[in-house]
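Quick notes on the structure that follows.
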Protein chains: 2
Amino acid sequence: MSGTAGAGLEAALARAEAACLARGAQLTELRRQVLRLVLASPQAIGAYALLDQLRAERPGAAPPTVYRALDFLLEQGLVHKVERLNAFIGCVGPEAHAHCGHGHDHPHQFLICSKCGATAEVCDDRVAAAVAEAARAAGFAPSRTTVEVEGLCAACAGSARQ
Amino acid sequence: MSGTAGAGLEAALARAEAACLARGAQLTELRRQVLRLVLASPQAIGAYALLDQLRAERPGAAPPTVYRALDFLLEQGLVHKVERLNAFIGCVGPEAHAHCGHGHDHPHQFLICSKCGATAEVCDDRVAAAVAEAARAAGFAPSRTTVEVEGLCAACAGSARQ
DNA sequence: GCGCCGGGCGATATAATGTAACGCCGCACG
DNA sequence: CGTGCGGCGTTACATTATATCGCCCGGCGC
């Protein structure tokens, strides 16, 4: 369900490069490698799984190596963290959201399948609006919002009698 | 902001007891102790902080001690986990929500103040509905939902220039 | 009574996730 | 040059969570 296939991956990396360039941020080789791994993963991937894969290209890699790269990618909105899974997932692409009027810090929600583990990112403005309004009603000034829904994805719900 | 004060704490424990009884679950002494500590905390509290406090009454306590109790309390809906903080917070009370038509697995959202750390639980049906609808639109069958908003609470936003 | 069984828990060990701190290196800038 | 700063290697450590084994105790059937 997730995971950016083949050529799409290269395109996504190119877009990421451009986005960073436009903002004066440097997508270094290490960061690009980590981003590639995250994007290539069909599911949300943990930092240490990422680390294992990274070591194929970069034998000396240690936890800080991958966490620093992830921090950068998170700041740039190129990946998101799925809190419920303590795992990371590539963002569909900030510019993919540009068309709906959002910047690189766009609102997003996750749908996490408890059966197959697939995690889909959706971008529903009504959810974002409802959350923002509920917060304001409580006198709260929101900065960042996490919405994660666990359940059964269409494929799993359809293909299985439980 | 959070934290069930004095007499309210005892009342909440009594209600928890009754809720468990009604469902055939046993609120043992250990579980009651842990619940009391969670409810008494003014903020969301980590498992290990809980463990430290628990050891005052129960010197031999170890991580599994507190995690097992927390698992039970989570299942019973007596506490919630705040994923962004890896911490736990007492539920306002399932029956406090009974009046708005929800069971012990009621929808809820958290407002987490980045300045003072206070975490407030709110229960907004419009948010829940928007999330449920967005999920259904994607062919997704939701079971459990996490909504956590980080930002500035009314007190911190009001009292501070920054 | 006696034995069995299951839940709750003590206790030890270990896994998984995340950070702090130090220092090197390369590069831009004066 | 020298100076500063960002990126990264490296070591050590902190924090969060789980696996496993085994005891005890209470209920239940015989």
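In what follows, chains carry the letters A, B, and so on, assigned in the order in which the sequence lines appear, proteins first and then strands, with residues in each chain numbered from 1. What's counted below: heavy atoms across the whole structure, side chains too, no hydrogens, waters or symmetry copies.
Distance B:R84 CZ to C:dT17 C1': 17 Å, rounded to the nearest Å. Between the C1' atom of C:dT19 and the CG atom of A:L51 lies a distance of 14 Å, rounded to the nearest Å. What separates CD1 of B:I45 from C1' of D:dT15 is a distance of 15 Å, to the nearest Å. Look at CD on B:Q76: it is 15 Å from P on C:dG7, rounded to the nearest Å. Rounded to whole Å, atom C1' of C:dC27 lies 18 Å from atom CD of A:E29. For A:L70 and C:dG18, the CG to P distance is 9 Å, given to the nearest whole Å. A:L50 has its CG atom 11 Å from the P atom of C:dG18, to the nearest Å. Whole-Å rounding puts the B:E75 CD to C:dG8 C1' distance at 13 Å.
Of the candidates C:dG10, C:dG8, D:dC8, the closest approach to any side-chain atom of B:R58 belongs to C:dG10. You'll find that the side chain of A:T28 is closest to D:dC8, out of D:dA17, C:dG18, D:dC8. Of the listed nucleotides (C:dG18, C:dT12, D:dC8), C:dT12 has the atom at the smallest distance from the side chain of B:P64. Closest contact between the side chain of A:P63 and the listed nucleotides D:dC8, C:dT19, D:dA17 involves C:dT19. Looking at the side chain of B:Y67, the nearest of the listed nucleotides D:dA17, C:dA11, C:dT19 is D:dA17.
For A:T65, a side-chain nitrogen or oxygen approaches OP1 or OP2 of D:dG9 to under 4.0 Å. Within the structure, every side-chain polar atom (N or O) of A:N86 is placed at least 4.0 Å from both OP1 and OP2 of D:dT16. The side chain of B:K81 contributes an N or O atom lying less than 4.0 Å from OP1 or OP2 of D:dA17. Between A:Q26 and the phosphate of D:dG7, there is a side-chain N or O to OP1/OP2 separation shorter than 4.0 Å.
When all heavy atoms are compared, the tightest approach of A:G8 to A:R15 is O-NH2, 4.3 Å. B:G90 approaches B:V38 most closely through the heavy-atom pair N-CG1, 3.3 Å.
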With salt bridge (Lys or Arg N to Asp or Glu O under 4.0 Å) as the criterion, how do A:R36 and A:E10 come out once you've worked through the C-alpha distance, each side chain's angles and the decisive distance to 0.1 Å? CA-CA 8 Å; A:R36 176 190 296 273; A:E10 296 310 321; 2.8 Å; yes
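Side-chain atoms of A:E121 never come within 3.5 Å of backbone atoms of A:Q109 as a donor-acceptor pair (strictly under, hydrogens ignored). Under the 3.5 Å distance criterion, the side-chain polar atoms of B:E150 are left unmatched by any main-chain donor or acceptor of B:C113.
Take the nearest nucleotide of DNA chain C for B:P59 and for A:L85: the residue whose nucleotide is more 5' is B:P59.
Counting any heavy atom pair closer than 4.0 Å across all strands shown, A:R31 reaches sugar-phosphate atoms only and no base atom.
Between B:Y67 and B:F88, the ring planes are perpendicular. Angles over 60° get that label, and only those under 30° would be called parallel.
Contact annotation: side chain of B:R68 to base of C:dG7, donor-acceptor pair absent below 3.5 Å. Contact annotation: side chain of A:Y48 to base of C:dA15, donor-acceptor pair absent below 3.5 Å.
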